[in-house]
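Remarks on the structure that follows.
Numbered from 1 within each chain, the chains take letters A, B, ... in sequence-line order.
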2 protein chains.
Amino acid sequence: MSRRQTKSQTAILQLLKKEQVALSHDGITAKLEQEIDRVTIYRILNRFVEDGLAHRIVADDGRQYFAICPEECSHDHKAHDHLHFRCVSCDRVECVPGEVEYSLPAGYKVDNHNIILSGNCNDCSGK
Amino acid sequence: MSRRQTKSQTAILQLLKKEQVALSHDGITAKLEQEIDRVTIYRILNRFVEDGLAHRIVADDGRQYFAICPEECSHDHKAHDHLHFRCVSCDRVECVPGEVEYSLPAGYKVDNHNIILSGNCNDCSGK
DNA sequence: TCACTTATTGCAACAATGTTGCGTTAAAGT
DNA sequence: ACTTTAACGCAACATTGTTGCAATAAGTGA
Ligand SMILES: [Zn+2]
Ligand SMILES: [Zn+2]
Ligand SMILES: [Zn+2]
Ligand SMILES: [Zn+2]
């Protein structure tokens with residue numbers, strides 16, 4: 001059950017670490033030099049999430065994006081409660097560090113946060 | 001270009017108004033008495049969103065849910081910034097009224113809020 | 001270094017969700 | 001009742017992600 005290190009895996013991990021933004025399967029495929037099978041990419045990403053290396057965001061475009069857990073998350077894998085911004089112009093999804101405050105009725109137990117704001121990022125809002 | 005009132009349309013609108021929760025295409029199909037074509041349902045829902053009657057939430061299960069705009073939204077169709085809670089046990093998505101506070105870097109223009117917390121609702125967390 | 005175990009891969013097939021095209025139906029206006 | 005065309009139903013398609021299974025290769029130990 002222990003993980004094995006493979007080229008595909010390290011390539012994707014390096015890519016995610018290098019990128020500042022969250023990447024979709026599509027974006028990963030585009031940025032990889034080597035060819036990796038669709039299914040393999042999905043399986044690697046799911047493994048990363050399972051292992052707490054990355055977190056998954058389901059954006060309002062209906063797609064999954066993956067990002068390396070930022071510093072603030074490192075100590076606590078459940079700390080994925082930061083928000084995410086998807087720019088509809090440049091199609092990038094980025095993690096936005098910082099607290100999100102809200103109130104919830106009593107008795108509700110939150111397991112996962114999936115906060116997506118979409119619009120135009122700083123680069124694109126200037127047109 | 002003006003809207004026409006049809007049975008399918010009013011049935012779905014009544015259903016959404018009656019329900020307290022946000023409904024997916026699937027949930028709507030299940031709760032409707034009459035048979036309405038899959039595509040028609042999707043088109044009706046998209047029309048509702050377009051017309052500002054309802055708002056669309058893309059949940060972290062990757063599906064679209066639709067809810068009638070609550071009172072707080074009525075005066076301003078852009079006020080869909082309330083959060084949503086999806087219970088992974090009973091598979092319901094509900095609007096949670098109230099403010100969500102966050103901060104965003106300068107220059108970012110938000111068009112749409114898609115805030116989903118998932119976990120167990122009050123009914124289900126007591127097991 | 002070589003053999004062994006099994007995690008990982010690649011391919012095909014499938015599943016789920018949502019959209020588009022198009023001919024038909026029926027709501028609204030005259 | 002007639003006309004216009006929004007809305008519908010059906011089929012086909014598109015996209016995104018998962019599952020099954022045989023082949024490959026990473027880790028382990030002799
Ligand atoms: Zn942008
Ligand atoms: Zn993030
Ligand atoms: Zn519940
Ligand atoms: Zn809502």
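- Using a 4.0 Å cut-off, some side-chain N or O of B:R3 falls inside it from OP1 or OP2 of D:dA7.
- Positionally, the nearest nucleotide of DNA chain D for B:K7 lies more toward the 5' end than for the other of B:K7 and B:V39.
- Between B:F66 and B:I12 the shortest side-chain heavy-atom distance does not fall below 4.5 Å.
- Applying the 4.0 Å criterion to OP1 and OP2 of C:dT17, one finds that B:R63 has a side-chain N or O inside that range.
- B:D26 comes within 4.0 angstrom of no nucleic acid atom, judged by non-hydrogen atoms across all strands.
- Per the geometry, CD belonging to A:Q9 stands 11 Å off P belonging to D:dA26, to the nearest Å.
- Taking for each of A:T6 and B:R4 the nucleotide of DNA chain C with the nearest heavy atom, the 5'-most of the two is the partner of A:T6.
- A:E35 places its CD atom 14 Å from the C1' atom of C:dT9, with the value rounded to the nearest Å.
- Computed from coordinates, the A:Y65 OH to D:dT16 P distance equals 9 Å when rounded to whole Å.
- Ring geometry for B:H55 versus B:H82: interplanar angle over 60°, hence perpendicular rather than tilted (30 to 60°).
- With rounding to whole Å, B:I44 atom CD1 is found 9 Å from D:dA7 atom P.
- Under 4.0 angstrom from either OP1 or OP2 of C:dT19 there lies no side-chain N or O belonging to B:Y42.
- An OP1 or OP2 oxygen of D:dG27 is reached within less than 4.0 angstrom by no side-chain nitrogen or oxygen of A:S2.
- Contact annotation for A:R47: backbone-only contact, meaning every heavy-atom pair under 4.0 Å involves sugar-phosphate atoms and none involves a base.
- B:S24 comes within contact range of no nucleotide atom at all, as no heavy-atom separation falls under 4.0 Å.
- Nearest heavy-atom pair across B:H84 and B:V93 is CB-CG1, 4.4 Å.
- In this structure, B:T40 reaches the D:dG9 phosphate: one of its side-chain N or O atoms is under 4.0 Å from OP1 or OP2.
- Rounding to whole angstrom units, CG of residue B:D60 and P of D:dT16 are separated by 18 Å.
- Along DNA chain C, the nucleotide closest to B:D61 and the one closest to B:Q5 are compared, and the more 5′ of them pairs with B:D61.
- Proximity of A:D81 to A:I115: side-chain heavy atoms (C-beta onward) are nowhere separated by under 4.5 Å.
- Distance, B:D37 CG to D:dG9 C1': 5 Å, rounded to whole Å.
- In this structure, B:R38 atom CZ and C:dT20 atom P are separated by 13 Å, rounded to whole Å.
- When each of D:dT16, C:dT9, D:dG20 is scored by its nearest atom to the side-chain atoms of A:S8, the top-ranked nucleotide is C:dT9.
- Qualifying ring-ring contact (aromatic ring centres under 6.0 Å, His included) partners for A:Y65, counting only residues two or more places apart in sequence or in other chains: none.
- Remark: P of D:dT18 and CZ of A:R43 are 10 Å apart, rounded to the nearest angstrom.
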